Amino acid sequence: QVVLVESGGGSVQAGGSLRLSCTAPRYTFASFSFGWLRQIPGKEREGVATIDSDGQTSYADSVKGRFTISKDNTKNILYLQMTNLKPEDTASYYCAADASLSSPLKSDYVPLFGYFGKGIQVTVSS
């Protein structure tokens, strides 16, 4: 069982920034791949970003240049730094982890990951 816990969501005005965090079990950081996924009610889930065990990253075109995924292996925390937020970024964001998908990863793969957190809301107002 891999328990992922997100934090850092909230409300922000367009153009603002937020940083999401996700804690994961220590043993996952050495070999798992991680990602972020978002979902807007009534729409399909969208993979936002991935980071593999070597630190290689990938991003959806919709967030490229604005979002940065990173991880701190010493603290067992995954991050998603979001800048220049837009109203269309409003969604529930989910941390994801997987032990078996191999690199190179694409953000499209995140819905296929094996483990997900409960999600956290991000609301961007215009």
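These figures come from a predicted structure and were not determined experimentally.
Residue pairs meeting the side chain to side chain donor-acceptor pair (under 3.5 Å) criterion with at least one member in residues 117-126, sequence neighbours excluded, are Ser92-Gln121, Gln121-Thr123. Applying the side chain to side chain donor-acceptor pair (under 3.5 Å) rule to pairs touching residues 44-54 yields Arg38-Glu46, Glu46-Ser62, Thr50-Ser58, Asp52-Ser103, sequence neighbours excluded. Screening residues 18-36 for side chain to side chain donor-acceptor pair (under 3.5 Å) gives no qualifying pairs among residues at least two apart or on separate chains.
Partners of Asp72 according to the side-chain hydrogen bond (donor to acceptor under 3.5 Å, both in side chains) rule, which considers only residues two or more places apart in sequence or in another chain, are Thr74.
Between Leu80 atom CG and Ile120 atom CD1 the span is 11.5 Å, to the nearest 0.5 Å. Note that the CG atom of Asp98 and the OG atom of Ser100 stand 4.0 Å from one another [nearest 0.5 Å].
Judged by distance alone, with hydrogens and angles left aside, the side-chain atoms of Glu6 form a donor-acceptor pair with the main-chain N or O of Cys95 at under 3.5 Å.
Under a 4.5 Å side-chain heavy-atom criterion applied to ILVMFWY residues, the cluster that includes Tyr79 comprises Ile77 as well. Counting side-chain heavy-atom gaps under 4.5 Å among Ile, Leu, Val, Met, Phe, Trp and Tyr, the cluster of Leu112 also holds Leu37, Tyr94, Leu101, Leu105, Tyr109, Val110, Phe113, Phe116.
Residues Val48 and Val63 approach most closely at O-CG2, 3.6 Å, considering heavy atoms.
The shortest side-chain heavy-atom distance between Ser17 and Gln81 falls under the 4.5 Å cut-off.
Residue-environment remark: CD (Gln13) stays at or below the threshold of 12 foreign heavy atoms within 6.0 Å.
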